[in-house]
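Working notes, structure below.
Computed over heavy atoms, backbone and side chain alike; hydrogens, waters and symmetry mates excluded.
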Amino acid sequence: MGFNLLNRRFVLPELREAIRGVSADVVFLQEVLGEHAYHARRHANWPQGPQYEFLADALWPQYAYGRNAVYPHGHHGNALLSKFTIASHENRDVSVHGHEERGLLHCVLRLPETGREVHTLCVHLGLRESHRRRQLGLLCGIVTDEIPADAPLIVAGDFNDWRVRGHRLMRDCGLMEAFEQTHGRVARTFPSRWPMLPVDRIYLRNARLLDARVLSSRPWSHLSDHVPLLARIEA
């Protein structure tokens, strides 16, 4: 949401510079503020538009946003920044009634020159294991029923699956986890100062994995409560 680990300091401009330094083709973001009137009044350098537009700036001409949570001061959700054309996007509400709002942002990217389509799912799942099982079932339903079996697919985000119990469900859907493939286990990403819990993942199907890394040093360890994941992929 643009604040550091303890929500004491507004770091969105620093976060934008850090993301720009990586210059990834596609960026998966969770808990991005689309609007927050209270924070806008308190911080002089608060962006005039949504946070995802501020982060995209001139480097990512395409972006999509899926609003998940709405409250009196504004709303937040998942976002995807892309250097490729976003041919279509749809936000899926996977919230469990009466609990925190969660969503899956499904985007279809069109690659230049070849015109090949790559499907992406930006994920933020619930804190309760029973909720995650239900949400993973919905996710797998989208993967198997709505995405062509031969299409490149990237599923990435905050799975909150620190016990790695939902991981098998993803493998049963035919998805490969990037860090398990390259390092033998899923990555530890939370908390950012001392990453111990494996909550964030990158899953692939019909895509070639070249490399996968955790960005755990400065400035990343001081910009969020999670450290980000970076993967190089050929689709």
Side-chain angles (χ1 to χ4, degrees), residues 1-83 91 100-103 105 107 120 122-127 156-160 162 179 187-202 212-231:
M1 295 186 182
F3 294 88
N4 69 347
L5 177 62
L6 299 176
N7 288 326
R8 293 177 178 173
R9 189 166 63 89
F10 181 58
V11 296
L12 191 67
E14 297 169 54
L15 180 61
R16 180 173 70 174
E17 291 308 305
I19 297 174
R20 285 175 64 90
V22 175
S23 190
D25 291 328
V26 183
V27 182
F28 295 73
L29 301 166
Q30 296 80 45
E31 292 193 331
V32 178
L33 285 172
E35 181 182 349
H36 201 291
Y38 176 69
H39 289 327
R41 290 194 299 269
R42 289 188 61 206
H43 300 276
N45 57 343
W46 192 264
Q48 292 185 349
Q51 285 188 350
Y52 54 89
E53 289 188 6
F54 177 82
L55 292 171
D57 196 26
L59 198 57
W60 291 275
Q62 300 272 302
Y63 45 80
Y65 171 68
R67 185 172 64 180
N68 294 335
V70 181
Y71 29 82
H73 294 296
H75 52 84
H76 73 257
N78 298 336
L80 186 110
L81 315 181
S82 176
K83 293 182 181 179
N91 195 47
E100 71 273 6
E101 295 88 351
R102 301 298 186 185
L105 178 60
C107 297
T120 66
C122 186
V123 175
H124 192 189
L125 302 186
L127 295 173
D158 181 359
F159 285 77
N160 274 317
W162 58 89
F179 286 82
R188 296 176 180 176
T189 59
F190 181 86
S192 56
R193 297 289 180 93
W194 304 277
M196 295 294 293
L197 301 178
V199 298
D200 302 284
R201 311 274 166 77
I202 300 175
R213 291 187 288 134
V214 182
L215 303 180
S216 56
S217 60
R218 280 181 175 266
W220 301 106
S221 58
H222 290 67
L223 293 177
S224 173
D225 55 345
H226 296 234
V227 290
L229 305 179
L230 176 66

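- With sequence neighbours excluded, no residue forms a ring-ring contact (aromatic ring centres under 6.0 Å, His included) with F28.
- Of all heavy-atom pairs spanning V227 and S221, the tightest one is CG1-CA, 4.3 Å.
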**OP:** Assess whether side-chain contact (heavy atoms from CB on, under 4.5 Å) is satisfied between L80 and V27, documenting all intermediate values.
**Re:** CA-CA 6 Å; L80 186 110; V27 182; over 6 Å; no
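- Looking at K83 and V26, their side chains never come closer than 4.5 Å, going by heavy atoms from C-beta outward.
- Residue L230 holds its CG atom at 8.5 Å from CH2 of W220, rounded to the nearest 0.5 Å.
- Residues R188 and V214 have side chains not in contact (no heavy-atom distance under 4.5 Å, counting atoms from C-beta outward).
- The distance from atom NE2 of H124 to atom CD of E101, rounded to the nearest 0.5 Å, is 11.5 Å.
- Counting only heavy atoms from C-beta outward, the side chains of Q51 and L12 approach each other to under 4.5 Å.
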For residues 13-21, which side-chain donor-acceptor pairs fall under 3.5 Å, sequence neighbours excluded?
| residue | atom | partner | partner atom | Å |
| --- | --- | --- | --- | --- |
| E14 | OE2 | R9 | NH1 | 2.6 |
| R16 | NH1 | F54 | O | 3.2 |
| R20 | NH1 | D57 | OD2 | 3.1 |

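- Residues E100 and L127 share a closest heavy-atom pair of OE2-N, 3.0 Å.
- When all heavy atoms are compared, the tightest approach of R102 to G126 is NE-CA, 3.6 Å.
- In this pair, Y65 and Y52 present their aromatic rings parallel. The plane angle is below 30°, not in the 30 to 60° band.
- To the nearest 0.5 Å, the span separating OG on S216 from NE2 on H226 amounts to 14.5 Å.
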Original post:
Which is it for L229 and F179 under the side-chain contact (heavy atoms from CB on, under 4.5 Å) test, yes or no, and what are the steps along the way?
Top reply: CA-CA 9 Å; L229 305 179; F179 286 82; 3.8 Å; yes
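- Looking at L55 and L29, their side chains come closer than 4.5 Å, going by heavy atoms from C-beta outward.
- Judged by distance alone, the side chain of N78 and the main-chain N or O of R67 form no donor-acceptor pair under 3.5 Å.
- Minimum heavy-atom separation, A79 to V32: CB-CG2, 4.1 Å.
- R193 places no side-chain N or O within 3.5 Å of a backbone atom of F190 that could act as its donor or acceptor partner.
- Checked by atom type and distance alone, the side chain of W60 pairs as donor or acceptor with a backbone atom of A24 at under 3.5 Å.
- Here the side chain of S82 pairs no donor or acceptor atom with the backbone of Y63 at under 3.5 angstrom.
- Considering every non-hydrogen atom in both A156 and I202, the closest pair reads CB-CG1, 4.1 Å.
- Here the shortest heavy-atom pairing between N68 and G77 reads ND2-CA, 3.7 Å.
- With sequence neighbours left out, N160 forms a side-chain hydrogen bond (donor to acceptor under 3.5 Å, both in side chains) with no residue at all.
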**OP:** Starting from the C-alpha separation in whole Å, work towards a yes-or-no answer on side-chain contact (heavy atoms from CB on, under 4.5 Å) for D158 and L125.
**Re:** CA-CA 6 Å; D158 181 359; L125 302 186; over 6 Å; no
